[in-house]
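What's counted below: heavy atoms across the whole structure, side chains too, no hydrogens, waters or symmetry copies.
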Amino acid sequence: MFSGLVETRTTVSAIQAEPGGMRLTLALSSQFDDVRVGDSICIQGCCLTVVDIEDRSMSFQAGMETLSRTTLGRLQLGQQVNCERSLRLHDRLGGHFVTGHIDGLGTVTERRDLAEWSDIFFRAAPELLVQMASKGSIAIDGVSLTLVSVTDCEFSVALIPHTLSATTLGQLRLGDSVNLETDILAKYVQRQLSLDSRQSPANSNRYL
């Protein structure tokens, strides 16, 4: 489990194709000196397991399912990525509960820069948009953000200067794809509402 508060940005140092997926190697930040093999790290919003640590680098393996459903398969050498270690029980929760399980992709459709601030608009699938609400939470490339507006076809967020400089979101351009994880609570609410509608008296009477 993660909070969506990015601890550091690090650089992709190696990408190696493997049977069934790929091995991703990242530079090991000094902030992550306590990381061990087997630890969970949130990379661009995706929960991955550390499989090797060597020469100031940490390596992960990603399967075809992960590569096909996230932006990890599009990473390039030298590209920066957002990183967050998993939460400990006594940590402060400054963001929101983020699982590291990507629900889908979003695409940047508009960016409005005003001084050091930015409003960014994203297109997303309808099944994701129904799990969003203005002032609710969304994780974009692993960054916990507050939703500003939500329509039937897109949503927007407002990024403060710190977020723009401390994460990869400041580098976003029109047409870029991002990893999206909707609020875990919204998923359960939608699931319950779906079950309730199926079990409504109008539906149950059909078989009487």
Asks: Ignoring hydrogens, what is the shortest heavy-atom contact between Val148 and Ser134? Give both atom names and the distance.
Replies: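 What the structure gives for the nearest pair is O-OG, 2.7 Å.
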
Asks: Does a donor on one side chain and an acceptor on the other come within less than 3.5 Å for Thr71 and Asn179?
Replies: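 Judged by distance alone, the side chains do pair up.
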
Asks: Looking at CE of Met1 and CG of Leu89, how far apart are the two atoms once the value is rounded to the nearest 0.5 Å?
Replies: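 It is 11.0 Å, given to the nearest 0.5 Å.
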
Asks: Going by heavy atoms in the side chains, are Leu180 and Ile140 under 4.5 Å from each other?
Replies: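 When only atoms from C-beta onward are counted, Ile140 and Leu180 do touch, with a gap below 4.5 Å.
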
Asks: With a 4.5 Å limit on heavy-atom distance, are the side chains of Ile102 and Thr66 in contact?
Replies: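 SC-SC contact between Ile102 and Thr66 ruled out.
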
Asks: So do Cys47 and Cys42 actually touch side chain to side chain, heavy atoms under 4.5 Å?
Replies: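 No, side chains not in contact.
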
Asks: Just jot down the salt bridge (charged side-chain N to carboxylate O under 4.0 Å, His left out) partners of Arg9, sequence neighbours excluded, or say none.
Replies: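 Salt bridge (charged side-chain N to carboxylate O under 4.0 Å, His left out) check on Arg9 returns nothing, list empty.
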
Asks: Using the side chain to side chain contact (heavy atoms under 4.5 Å, CB included) criterion, which residues pair with Asp103? Sequence neighbours excluded.
Replies: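 Expected list: Leu128, Glu181, Thr182, Lys187.
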
Asks: Return the set of residues passing salt bridge (charged side-chain N to carboxylate O under 4.0 Å, His left out) with Glu127 (not counting sequence neighbours), or none when no residue passes.
Replies: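 In terms of salt bridge (charged side-chain N to carboxylate O under 4.0 Å, His left out), with neighbours along the sequence ignored, Glu127 is linked to no residue.
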
Asks: Hey, quick one: are Val98 and Leu145 part of the same hydrophobic cluster, counting side-chain heavy atoms closer than 4.5 Å, chains of contacts allowed?
Replies: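 In one cluster: no.
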
Asks: With sequence neighbours excluded, what pairs up with Gln171 under the side-chain hydrogen bond (donor to acceptor under 3.5 Å, both in side chains) test?
Replies: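 With sequence neighbours excluded, Gln171 shows a side-chain hydrogen bond (donor to acceptor under 3.5 Å, both in side chains) to Gln80, given in chain and number order.
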
Asks: Could you tell me whether the side chain of Val81 reaches within less than 4.5 Å of the side chain of Thr10, counting heavy atoms only?
Replies: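 Thr10 reaches Val81 side chain to side chain.
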
Asks: Within the side chain of Thr151, is there an N or O that forms a donor-acceptor pair under 3.5 Å with the backbone of Glu154?
Replies: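 At least one qualifying donor-acceptor pair exists.
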
Asks: Apply side-chain hydrogen bond (donor to acceptor under 3.5 Å, both in side chains) to the pair Ser3 and Glu84, showing each step before the final yes or no.
Replies: CA-CA 8 Å; Ser3 69; Glu84 180 193 351; 2.9 Å; yes

Asks: Answer with yes or no whether the hydrophobic clustering places Val143 together with Ile184; edges join I, L, V, M, F, W, Y residues whose side-chain heavy atoms lie under 4.5 Å apart.
Replies: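 Hydrophobic grouping puts Val143 apart from Ile184.
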
Asks: Among side-chain atoms of Asp183 and Ser137, is any donor-acceptor pair under 3.5 angstrom?
Replies: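 There is no such pair between these side chains.
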
Asks: Less than 3.5 Å apart, which donor and acceptor atoms pair up between the side chains of residues 158-170 and the rest of the protein, not counting sequence neighbours?
Replies:
residue: Ser165; atom: OG; partner: Pro161; partner atom: O; Å: 3.2
residue: Ser165; atom: OG; partner: His162; partner atom: O; Å: 3.1
residue: Thr167; atom: OG1; partner: Thr163; partner atom: O; Å: 2.7
residue: Thr167; atom: OG1; partner: Leu169; partner atom: N; Å: 3.2
residue: Thr168; atom: OG1; partner: Asn82; partner atom: ND2; Å: 2.9

Asks: Tell me, please, which residues at least two apart from Phe2 pass ring-ring contact (aromatic ring centres under 6.0 Å, His included).
Replies: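 Testing Phe2 for ring-ring contact (aromatic ring centres under 6.0 Å, His included), a comparison that skips the adjacent residues, returns none.
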
Asks: Please examine the side chains of Val178 and Asp141, heavy atoms only from C-beta on, and report whether any two atoms are closer than 4.5 Å.
Replies: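 Asp141 reaches Val178 side chain to side chain.
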
Asks: Determine which pairs satisfy salt bridge (Lys or Arg N to Asp or Glu O under 4.0 Å) with at least one residue from residues 60-73, sequence neighbours left out, and list them in order.
Replies: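 For residues 60-73, and leaving out neighbouring residues, the salt bridge (Lys or Arg N to Asp or Glu O under 4.0 Å) pairs sorted by first residue read Glu65-Arg69.
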
Asks: Check whether any side-chain heavy atom of Gln76 sits under 4.5 Å from a side-chain heavy atom of Val12, and report yes or no.
Replies: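 The answer is no; the side chains never approach within 4.5 Å.
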
Asks: Strictly distance-based, threshold 3.5 Å: is any side-chain N or O of Asp55 a donor or acceptor partner for the main-chain N or O of Ser57?
Replies: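 Here the side-chain-to-backbone pair does not exist.
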
Asks: Assigning hydrophobic clusters by single linkage (Ile, Leu, Val, Met, Phe, Trp, Tyr; side-chain heavy-atom cutoff under 4.5 Å), is Val51 placed with Leu48?
Replies: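 Each belongs to a different hydrophobic cluster.
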
Asks: Cluster partners of Leu5, using ILVMFWY side-chain heavy atoms under 4.5 angstrom, listed by chain and number?
Replies: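 Other cluster members: none.
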
Asks: Any chance you could measure Phe122, atom CZ, to Leu105, atom CG, to the nearest 0.5 Å?
Replies: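 Atom-to-atom, Phe122:CZ and Leu105:CG are 12.0 Å apart.
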
Asks: Just to verify, what does Leu114 make a side chain to side chain contact (heavy atoms under 4.5 Å, CB included) with, not counting sequence neighbours?
Replies: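 Partners of Leu114 by the side chain to side chain contact (heavy atoms under 4.5 Å, CB included) criterion come out as none, since no residue qualifies.
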
Asks: Suppose the criterion is salt bridge (Lys or Arg N to Asp or Glu O under 4.0 Å): which pairs have a residue in residues 160-172, not counting sequence neighbours?
Replies: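 For residues 160-172: none.
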
Asks: Could you pull out every donor-acceptor pair under 3.5 Å between side chains of residues 21-36 and any protein atom, sequence neighbours left out?
Replies:
residue: Arg23; atom: NE; partner: Glu18; partner atom: OE2; Å: 3.0
residue: Thr25; atom: OG1; partner: Ser59; partner atom: OG; Å: 2.9
residue: Ser29; atom: OG; partner: Gln31; partner atom: N; Å: 3.2
residue: Gln31; atom: OE1; partner: Thr8; partner atom: OG1; Å: 3.3
residue: Gln31; atom: NE2; partner: Glu7; partner atom: O; Å: 3.2
residue: Asp33; atom: OD1; partner: Arg56; partner atom: NH1; Å: 3.2
residue: Asp33; atom: OD1; partner: Arg56; partner atom: NH2; Å: 3.1
residue: Asp34; atom: OD1; partner: Arg85; partner atom: NH1; Å: 2.7
residue: Asp34; atom: OD2; partner: Arg85; partner atom: NH1; Å: 3.2
residue: Arg36; atom: NH1; partner: Asp33; partner atom: O; Å: 3.1
residue: Arg36; atom: NH1; partner: Asp34; partner atom: O; Å: 3.4

Asks: Test side chain to side chain contact (heavy atoms under 4.5 Å, CB included) on Ile15 and Leu77; report intermediate values, then the result.
Replies: CA-CA 7 Å; Ile15 299 174; Leu77 291 178; 4.3 Å; yes

Asks: Please answer: with hydrophobic residues joined when any side-chain heavy atoms are less than 4.5 Å apart, are Val108 and Met132 in the same cluster?
Replies: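 Val108 clusters together with Met132.
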
Asks: With side chains defined as the heavy atoms from C-beta onward, is the minimum distance between Leu174 and Phe121 less than 4.5 Å?
Replies: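 Heavy-atom side-chain distance check fails, nothing below 4.5 Å.
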
Asks: Should Val37 and Met58 be counted in the same cluster of Ile, Leu, Val, Met, Phe, Trp and Tyr side chains packed under 4.5 Å apart?
Replies: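 As far as the 4.5 Å side-chain criterion goes, Met58 and Val37 are connected within one cluster.
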
Asks: With side chain to side chain contact (heavy atoms under 4.5 Å, CB included) as the test, pick out the partner of Arg111 among Asp119, Ile120, Asp176.
Replies: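 When side chain to side chain contact (heavy atoms under 4.5 Å, CB included) is applied between Arg111 and each of Asp119, Ile120, Asp176, only Ile120 qualifies.
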
Asks: Atom OG in Ser156, atom CG in Leu147: separation rounded to 0.5 Å?
Replies: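 Here the interatomic distance stands at 8.0 Å.
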
Asks: Considering only heavy atoms from C-beta outward, does the side chain of Ile43 approach that of Phe60 to under 4.5 Å?
Replies: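 In contact.
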
Asks: What residues form a side chain to side chain contact (heavy atoms under 4.5 Å, CB included) with Arg123, not counting sequence neighbours?
Replies: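 Applying side chain to side chain contact (heavy atoms under 4.5 Å, CB included) to Arg123 gives Thr107, Thr109.
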
Asks: Distance check, rounded to the nearest 0.5 Å: Cys46 atom SG versus Leu72 atom CG?
Replies: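 Reported value, rounded in 0.5 Å steps: 4.0 Å.
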
Asks: Starting from the C-alpha separation in whole Å, work towards a yes-or-no answer on side-chain hydrogen bond (donor to acceptor under 3.5 Å, both in side chains) for Ser177 and Arg74.
Replies: CA-CA 10 Å; Ser177 295; Arg74 309 176 192 181; 2.9 Å; yes

